[in-house]
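Report on the following structure.
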Amino acid sequence: MKKVSLAETPVEQLRLPGEEREPGVIYFGFDRRLDPSEDVRMYAPFLRYLERQTGYRFKLYVTEKNGSVVEDLGTARIQFAAIGTMSYLEANKRYGVQALVRGRTDQRKGEYRALIITRPDSSIRHLSDLKGKSFAFGARTSTQGHLIPRIMLKEMGLDIKDLSAFEYMGSHFEVANAVMSGRYDAGGIQDTLGRDLARRGLVRIVATSDYFPSSTISAAPNLAPEIVARVRNALLAFDPRDKDKEGLYHWEQSEMPFGFVEATEQSFDKVRSWAEELGLLGPGGGRP
């Protein structure tokens with residue numbers, strides 16, 4: 001399990017390394033977004049909200065760095081997880097995982113965008129300038145860090161083979177560092193983080209994508225219907241900007257800053273088609 005700081009995280013909300021699973025506890029996982037310690041500190045207060053609303057006990061489960069949240073969720077090692085659309089498509093295809101809700105963005109829709117960023121002094125001005133350049137993608141199963149940037153390149157007539165080099169990073173935070181440090185010429189990143197870095201003059205935005213379905217909270221297959229229904233209702237009632245904001249930790253940096261909208265399977269049709277066209281949903285799931 002990835003080592004994280006517990007300085008401001010109540011231990012009762014986090015499954016510790018080597019700790020036995022507790023009966024009656026619902027385990028909640030997540031795709032890595034920022035630094036793991038920040039992810040943990042952000043989700044722990046959210047789990048306390050779910051406990052108050054549902055009456056269930058929750059613990060945060062941090063998937064090992066080389067592990068898979070998709071596999072953890074699909075095999076019911078965890079019961080719920082905050083995962084991006086690409087992770088959901090893979091989990092749905094391989095295991096029958098169900099998306100309950102999608103995150104509401106600052107436009108108050110269940111959609112988000114990805115950005116392609118470069119350094120402020122870079123010669124890259126347009127997507128066409130990426131030909132022959134090096135590129136930092138997010139995790140292979142990342143929607144904003146991998147799938148959407150691949151769509152943006154494809155729409156410009158560029159394929160991954162047109163890049164001089166590329167690498168998959170573990171999180172948006174790592175993509176940003178790879179670009180800002182000069183290790184890679186450009187990268188694909190979450191819109192919220194990318195805009196914040198651009199406002200601070202640390203990166204420059206080359207292109208902004210169309211809207212795509214935002215991150216989900218999804219449920220493992222074969223969970224009791226009453227558990228799924230109670231958790232879904234609690235998620236839809238979550239109001240992080242007003243009545244439920246007390247105690248939250250930087251929830252505005254999450255991919256659901258305004259709470260949630262209900263997910264429907266039809267909302268994923270377009271992005272699923274793109275993932276299939278790009279070969280990201282083959283027999284082995286989302287790993288090309």
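Below, each value reflects all heavy atoms present in this structure, side chains not excepted, and no hydrogens, waters or symmetry copies.
A salt bridge (Lys or Arg N to Asp or Glu O under 4.0 Å) check over residues 152-163, counting only residues at least two apart or in different chains, returns the pairs Asp159-Lys161.
Shown here are the ring-ring contact (aromatic ring centres under 6.0 Å, His included) partners of Phe268, two or more places apart in sequence or in another chain: Tyr88. For Ala198, the side chain to side chain contact (heavy atoms under 4.5 Å, CB included) partners are Val203, Ile205, not counting sequence neighbours. Legend: residues meeting salt bridge (charged side-chain N to carboxylate O under 4.0 Å, His left out) with Glu262, ordered by chain and number and at least two apart, are Arg232.
The structure places CZ of Arg48 at 14.5 Å from CD of Gln53, a figure rounded to the nearest 0.5 Å. Taking CE of Met42 as the start and OG of Ser37 as the end, the distance is 11.5 Å to the nearest 0.5 Å. From Met169, atom CE reaches atom CD of Glu174 across 7.5 Å, with rounding to the nearest 0.5 Å. Summarising the geometry, atom CH2 belonging to Trp274 is positioned 6.0 Å from atom CG belonging to Leu278; distances are rounded to the nearest 0.5 Å. To the nearest 0.5 Å, atom CG of residue Asp39 and atom CG of residue Leu60 are 9.0 Å apart. To the nearest 0.5 Å, atoms CZ (Arg230) and OH (Tyr56) are separated by 4.0 Å.
In this structure, Val228 is not a member of the same hydrophobic cluster as Val261, with clusters built from ILVMFWY side-chain heavy atoms closer than 4.5 Å. Note on Phe258 and Leu50: separate hydrophobic clusters, where clusters join Ile, Leu, Val, Met, Phe, Trp and Tyr whose side-chain heavy atoms are under 4.5 Å apart, directly or indirectly. Criterion: ILVMFWY side-chain heavy atoms under 4.5 Å apart, direct or through other members. Under it, Leu147 and Tyr211 are not part of a common hydrophobic cluster.
Classification of Arg41 and Glu38 as a salt-bridged pair holds, one side-chain N sitting under 4.0 Å from a carboxylate O. Under the 4.0 Å criterion applied to side-chain N and carboxylate O atoms, Arg200 and Asp196 are assigned as salt-bridge partners. Salt-bridge formation is not detected for the pair Arg272/Glu276: no Lys NZ or Arg NE/NH1/NH2 atom is positioned less than 4.0 Å from an Asp or Glu carboxylate oxygen.
Ring geometry, Phe58 versus Phe80: the interplanar angle falls from 30° to 60°, so the pair is classed tilted. In this pair, Tyr168 and Phe166 present their aromatic rings perpendicular. The plane angle is above 60°, beyond the 30 to 60° band.
In this structure a side-chain-to-backbone donor-acceptor pair under 3.5 Å is missing from His146 to Phe137. Although no hydrogens or angles enter the test, the distance criterion places no donor-acceptor pair under 3.5 Å between the side chain of Thr216 and the main chain of Ala99. Formation of a donor-acceptor pair under 3.5 Å by the Thr141 side chain with backbone atoms of Ser87 is not found in this model.
When all heavy atoms are compared, the tightest approach of Ser134 to Ser164 is N-OG, 3.2 Å. Closest approach of Ser214 to Thr85, counting heavy atoms only: O-OG1, 3.2 Å. The two residues Leu89 and Ala275 come nearest to each other via the heavy atoms CD1-CB, 4.2 Å.
Counting heavy atoms from C-beta on, the side chains of Arg150 and Glu277 never come closer than 4.5 Å. In this structure, the side chains of Leu73 and Ser218 come closer than 4.5 Å at one or more pairs of heavy atoms. Considering only heavy atoms from C-beta on, Arg104 stays 4.5 Å or farther from Met256 through its side chain. Using a 4.5 Å heavy-atom threshold, the side chains of Ser254 and Tyr43 count as separate. For the pair Phe30 and Val40, the minimum side-chain heavy-atom distance is below 4.5 Å. Under the 4.5 Å side-chain criterion, counting only non-hydrogen atoms from C-beta, Phe260 is in contact with Ile217. The closest side-chain heavy-atom distance from Gln79 to Leu223 is below 4.5 Å. For the pair Ile148/Tyr112, a side-chain contact is recorded, criterion being any heavy-atom separation below 4.5 Å from C-beta on.
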Determine all donor-acceptor pairs shorter than 3.5 Å in which one atom belongs to a side chain in residues 235-246; sequence neighbours excluded.
| unit_1 | atom_1 | unit_2 | atom_2 | d |
| --- | --- | --- | --- | --- |
| Asp239 | OD1 | Arg241 | N | 3.4 |
| Asp239 | OD1 | Asp242 | N | 3.4 |
| Lys243 | NZ | Ala237 | O | 3.2 |
| Asp244 | OD2 | Asp239 | N | 2.8 |

Please report, to 0.1 Å, the donor-acceptor pairs under 3.5 Å made by any side chain of residues 115-125, with sequence neighbours excluded.
| unit_1 | atom_1 | unit_2 | atom_2 | d |
| --- | --- | --- | --- | --- |
| Thr118 | OG1 | Ser122 | OG | 3.0 |
| Thr118 | OG1 | Asp185 | O | 2.7 |
| Arg119 | NH1 | Tyr184 | O | 3.3 |
| Ser122 | OG | Ile124 | N | 3.0 |

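Cation-pi geometry between Lys59 and Phe28 is not met at under 6.0 angstrom from the ring centre and within 45 degrees of the axis.
For Glu252 and His250, the side-chain atoms include at least one donor-acceptor pair closer than 3.5 Å. Arg102 and Ser267 share a side-chain donor-acceptor pair at under 3.5 Å. Between the side chains of Gln98 and Asn92, not a single donor N or O lies within less than 3.5 Å of an accepting N or O.
Among the candidates Leu193, Val175, Asp191, the single residue satisfying the side-chain contact (heavy atoms from CB on, under 4.5 Å) test with Gln144 is Asp191.
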